[in-house]
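Taking it in order: structure first as structure tokens, then the write-up.
Every number for a ligand or one of its atoms is a count from 1 in the order of the listing.
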Amino acid sequence: MQKLVVLISGTGSNLRALLEASEDAEFPARVVAIGADREADGLVLGEEFGIPTFTVPYTAYPDRDAWGDALIEQVRQWEPDLVILSGLMRLVPAGVVDAFSPYLINTHPAYLPEFPGAHGVRDALAAGVDQTGASLIVVDNSVDGGPIIAQERVPVLPGDTESTLHDRIKPVERRLLIQAVLDIANSHIDLKELTAS
Ligand code: GAR
């Protein structure tokens with residue numbers, strides 16, 4: 001059974017989908033802890049699903065590296081096979097990448113390398129494209145530039161707002177994430193190989 005630590009900043013709706021998938025006895029991975037960089041709404045999922053939570057408040061540390069070191073310490077206690085950034089709205093420092101790479105993955109609401117960064121949905125809308133997407137990547141020291149594990153196109157429809165478009169992207173992100181966790185656990189995806197190529 002693969003042990004997952006999931007890090008969030010927001011509502012954790014993608015995390016919820018992963019928690020629901022892992023209720024199936026056949027699912028080869030379990031979320032062992034949920035962490036956040038702030039008092040994220042999604043931390044309530046810990047109580048709902050009986051999973052421990054921790055918070056490493058970004059603002060409590062003098063700089064990104066110090067925050068990253070505290071995050072590493074918390075995450076390591078759970079001895080995870082895979083660390084998932086599921087809406088963690090912070091760039092993680094190099095120390096975190098070094099500690100967990102290549103078993104550190106990130107969901108992103110755009111078809112990378114298009115629209116990286118904190119506003120993938122807003123930026124796609126502003127660019128006037130007629131399709132965007134969802135991506136799952138291995139985290140490296142770039143901004144959303146790591147190796148792509150899976151991605152899928154999502155149409156932008158006339159009249160879309162950031163919220164309607166994001167709501168159309170998220171179910172795709174969830175499907176990609178759950179499938180990738182399965183594939184990684186079953187060795188159908190080899191993150192080491194993906195990172196080396
Ligand atoms: C997801 O769309 C995720 O891809 C995005 O935040 C959302 C979290 O939603 N992450 C980023 O934009 C990272 N750059 P959730 O809290 O409802 O799961």
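- Counting the atoms of ligand 1 from 1 in the order shown, those under 4.0 Å from a heavy atom of N14 are 1 (C), 18 (O).
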* From CA spacing to verdict: side-chain hydrogen bond (donor to acceptor under 3.5 Å, both in side chains), D37, S9 -> CA-CA 6 Å; D37 64 323; S9 296; 2.8 Å; yes

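- Protein heavy atom nearest atom 4 (O) of ligand 1, with residue, atom name and distance: E173 OE1, 2.4 Å.
- With hydrogens and angles disregarded, a donor-acceptor distance shorter than 3.5 Å links the side chain of H108 to the backbone of F115.
- Using a 4.0 Å heavy-atom cutoff, G117 is listed among the residues neighbouring ligand 1.
- Among protein heavy atoms, the minimum distance from atom 11 (C) of ligand 1 is reached at M89 SD, 3.6 Å.
- For the pair R38 and Y58, the cation-pi test (distance below 6.0 Å, angle within 45°) is failed.
- Using a 4.0 Å cutoff on heavy atoms, I8 does not count as a contact of ligand 1.
- Of all protein heavy atoms, the one closest to atom 5 (C) of ligand 1 is P109 CD, 3.8 Å.
- Distance check: L43 CG to F54 CZ gives 9.5 Å after rounding to the nearest 0.5 Å.
- In terms of protein heavy-atom proximity, atom 8 (C) of ligand 1 is closest to G87 CA, 3.7 Å.
- Rounding to the nearest 0.5 Å places CG of L18 at 12.5 Å from CD of E173.
- Ligand 1 places these atoms under 4.0 Å from at least one heavy atom of H108: 4 (O), 14 (N).
- The shortest N/O to N/O separation between S86 and ligand 1 does not fall below 3.5 Å.
- No side-chain N or O of R16 forms a donor-acceptor pair with one of T11 less than 3.5 Å apart.
- Using 4.0 Å as the threshold, H166 has a heavy atom nearer than that to some atom of ligand 1.
- Regarding atom 15 (P) of ligand 1, its nearest protein heavy-atom neighbour is S13 N, 3.4 Å.
- Distance OG/S22 to CD/Q2: 12.5 Å, rounded to 0.5 Å.
- When each of Q151, E114, E152 is tested with S135 by the rule side chain to side chain contact (heavy atoms under 4.5 Å, CB included), just one qualifies, namely Q151.
- Heavy atoms of G12 come nearer than 4.0 angstrom to ligand 1 in at least one pair.
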